[in-house]
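Right, one structure below, let's go through it.
Scope of the values below: all heavy atoms of this structure, side chains included, with no hydrogens, waters or symmetry mates. Quick caveat, the model's predicted, so the values are computed rather than measured.
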Amino acid sequence: MSGTTTAGETHYPTIEKPPMHDVAVKPNMMDYDEMAQTYAWEKTEQELRLPRANGYNKATICIDDHPPEVMQRPALVWEATDGKKEVYTFNDLKRETSKAAHMFKNMGLQKGDRVFVFLERIPELYIIVFGALKAQALVGPLFAAFGPEAIKDRIQDCEARFVITSPSLKHRVDSILAECPSVEKVIIVDRKDEYTDYQPNEVSYFEQTRNVPDTFDVPYTDKDDYSIIHYTSGTTGKPKGAVHRHYAVISQAATAKYVLDLHPESDIYWCTADPGWVTGTSYGMFGPWAWGTTSVVYEGPFKADVWYRVIQDHKVTVWYTAPTAIRMLMKAGDDIVKNYDLSSLRHLLSVGEPLNPEAVVWGQKVLGHVFHDTWWQTETGAMHICNYPCMPVKPGSMGRPHPGVTVGILDEQYNPLPAGEEGHLALKPTAPSFFRTYWKKEEMYQSKIKNGWYITGDRASMDTDGYYWFFGRSDDVINTAGHLVGPFEVESALIEHPAVAEAGVIGKPDPERLEIVKAFVSLKNGYTPSDALKEDIRKFVRNLLAAHAYPREIEFIDSLPKTRSGKIMRRLLKARDLGLPEGDTSTLED
Ligand code: PRX
């Protein structure tokens, strides 16, 4: 295993919870063990009144079809980077998403067409995703920090028909459009009314939605119809598109209820993840809105004092964030917390990387609440292993399987191991949110199922109380600040640089970001190693891929260790870098 951090069991004492009947907001799950035995997904399906007349469309469930009193509630409370605020009720979103759906239908969108949304975190991002879902598109949200290469890979793979972008992001789309013949129209969301130079393939979003009805009859949508596609990185090849069904909303809603513990009539919820990643759709859109919860969206980037101010100003009660952000808050110091009134907070959660026990305990000490870790993946579509308000927290543990989910630790033959042993973390691929396929890579999807288990790529163990502990990845995938990065992707970008002959990329442990991307590079003849060249290569990859995926560290070496068949031995690069034993080198070329 290449491994990230080794968590394993820690000696932090278990944090007990008070009797649940005494807490101010009674959790939706009062007793984990009881629910784990009795719960079935049908319960949530019934609570959501499903199927509805038009089936399972996520836009109907999350936006259109709440009881009248909920429809008047703020759904989206948006704060721009410059501090400007806008509030959209569910009724407002119903009207706006209907208009977006008409726009797509007027442009000839057919069920199943792929629509890519490449926008900053602005209200139209949310509106357009749901508008496209109403029109039965398969929607691919793209992270606004993506560079042209990352965008091109996804559009080409998916043969997207429509791309939505903004004047400030548009140049990155323009530069690759010639290589993406599937794209018929680029729809431009011009909030500042600054763009005038429309080309024949471009239309204005506000123009197209000006004179269309603000109601839309959502067609019948089967639970198996595709809804969202998120690309995720693997060890080899380009990122693959994990395809989710409309039915995924059942798991997303169930976990929003029992893990986020949302009480829609009183909670103000903030998910800090961008919708370019699965957390930002599953829990920035679907789970919370399925119950009619008010969600805060802050457009800007991380900054400790701004984040505390957002919590204070919007009176956030439930907060779902990530370990790197928590570590950065810890680094910013405990004193700055005193400048803000964070008393609205009542439940804190984290996802994306191992949550170190220090961070769990820091939450309790400084914010008055422990952070509750949750484990899941792009592929699982919803949380699978979690800590719950009613359950004692063992700092450093990912928690216990969500009711309805079956988790196993498997040996090398994919047979279950007993408690206490480390092995492959595996799941029964049965949750409603479990992905349906990798787009056009069904064999790869099938190859991840062994003996009826889905193999997650993580290594973990379960203790005798049924709590799961993360050990690391079993592959070369890098987790940097909660973002998965495939080494192959970065290597491919590196060798496009004129000076680079060969490149090998690894994840290097980092105290703040969990791992950073480190590249070993051999140069072409005629190029000399220098700091300026390193910087140039870093910038080159950053522009091509994304800010999170470029190598923060570059080391020049004469040649890369390879197998006799020419494969770069990343494992060896990593072992040498960390001063660890090199292991089996029998396949190393001479
Ligand atoms: O390695 C695990 C790590 O992130 C991977 C999934 O990444 P992604 O598909 O991008 O989805 C991230 C958001 C759901 C996992 O295979 N990971 C995620 N959550 C945790 C974690 N590692 C340790 N502890 C977690 N709570």
Side-chain angles (χ1 to χ4, degrees), residues 76-86 117-126 129 141-148 150-151 165-172 189 191-192 230 269-281 283-285 295-314 316 319-333 336-337 339-340 342 348-353 359 367 371 478-485 510-517 538-539 541-552:
L76 173 62
V77 177
W78 181 71
E79 183 175 327
T81 313
D82 66 8
K84 185 171 167 239
K85 298 188 181 68
E86 289 176 16
V117 187
F118 182 51
L119 286 174
E120 295 91 352
R121 230 164 14 235
I122 54 175
E124 287 73 19
L125 163 56
Y126 296 78
V129 166
L142 296 175
F143 190 36
F146 277 158
I151 302 166
T165 191
S166 67
S168 49
L169 296 178
K170 185 180 159 301
H171 62 284
R172 290 190 233 150
V189 180
R191 277 198 143 232
K192 295 191 188 133
H230 280 290
Y269 163 75
W270 184 25
C271 169
T272 59
D274 189 276
W277 309 106
V278 71
T279 309
T281 56
Y283 298 104
M285 300 181 182
S295 266
V296 173
V297 171
Y298 171 62
E299 184 194 15
F302 173 87
K303 231 179 140 237
D305 50 353
V306 177
W307 274 31
Y308 288 135
R309 209 249 320 127
V310 167
I311 294 172
Q312 167 187 276
D313 287 2
H314 297 281
V316 171
W319 186 33
Y320 196 21
T321 189
T324 293
I326 301 170
R327 286 192 288 272
M328 287 176 170
L329 291 174
M330 289 167 74
K331 200 169 143 195
I336 96 164
V337 181
N339 299 337
Y340 300 91
L342 306 180
L348 318 181
L349 306 101
S350 159
V351 65
E353 317 152 48
L367 304 174
F371 277 98
I478 301 160
N479 187 334
T480 179
H483 298 133
L484 296 192
V485 175
D510 181 78
E512 196 164 283
R513 295 165 180 272
L514 183 66
E515 292 185 293
I516 55 161
V517 178
R538 267 199 291 267
K539 265 205 201 125
V541 179
R542 192 185 163 108
N543 289 340
L544 216 52
L545 289 180
H548 67 275
Y550 79 99
R552 281 172 188 265

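Scanning all heavy atoms of the two residues, the minimum distance from Gly300 to Arg121 falls at O-NH2, 2.8 Å. In terms of heavy atoms, Ala549 sits closest to Val541 at O-CG1, 4.4 Å. In this structure, Ala481 and Thr324 approach most closely via the heavy-atom pair CA-OG1, 3.1 Å. For the pair Ser350 and Pro323, the tightest heavy-atom approach, listed with the atom from each and the gap, is OG-CD, 3.2 Å. Across Leu342 and Gln312, no two heavy atoms sit closer than the pair CD2-N, 4.2 Å.
Between the CH2 atom in Trp307 and the CE atom in Met328 there is a gap of 9.5 Å [rounded to 0.5 Å]. Note that CD1 of Ile326 is 9.0 Å distant from CD of Glu353, once rounded to the nearest 0.5 Å. Annotation: the span from Lys84 atom NZ to Trp78 atom CH2 amounts to 5.5 Å, rounded to 0.5 Å. Atoms CG and CZ, from Leu142 and Arg172 in turn, are 11.0 Å apart once rounded to the nearest 0.5 Å. Rounding to the nearest 0.5 angstrom, the gap separating the CG atom in Leu514 from the OG1 atom in Thr480 is 8.0 Å.
Residues Tyr308 and Val337 have side chains in contact (heavy-atom distance under 4.5 Å, counting atoms from C-beta outward). Looking only at side-chain heavy atoms (C-beta outward), Pro275 and Leu125 come within less than 4.5 Å of each other. The side-chain heavy atoms of Glu120 and Arg191, taken from C-beta on, include no pair separated by under 4.5 Å. Using a 4.5 Å cut-off on side-chain heavy atoms (C-beta onward), Phe146 and Leu169 make no contact. Leu119 places a side-chain heavy atom less than 4.5 Å from the side chain of Val189.
With sequence neighbours excluded, the residues satisfying side-chain hydrogen bond (donor to acceptor under 3.5 Å, both in side chains) with Thr321 are Thr272. In this structure Glu79 satisfies the side-chain hydrogen bond (donor to acceptor under 3.5 Å, both in side chains) test together with Arg309, His314, sequence neighbours excluded. Remark: Lys192 pairs with no residue by the side-chain hydrogen bond (donor to acceptor under 3.5 Å, both in side chains) rule, at least two apart or across chains. Checked against ring pair (Phe, Tyr, Trp, His ring centres under 6.0 Å), Tyr283 has the following partners two or more places apart in sequence or in another chain: Tyr320, Trp376. His230 pairs by the ring pair (Phe, Tyr, Trp, His ring centres under 6.0 Å) definition with nothing, not counting sequence neighbours.
Side chain of Asn543 to main chain of Gly147: no donor-acceptor pair is present (N/O by atom type, distance under 3.5 Å, no hydrogens or angles).
Using bins of under 30°, 30° to 60° and over 60° for the plane-to-plane angle, the ring pair Phe143/His483 lands in the tilted bin. Using bins of under 30°, 30° to 60° and over 60° for the plane-to-plane angle, the ring pair Trp319/Trp270 lands in the parallel bin.
Among residues at least two apart or in separate chains, side chain to side chain donor-acceptor pair (under 3.5 Å) pairs with a member in residues 296-305 are Thr81-Glu299.
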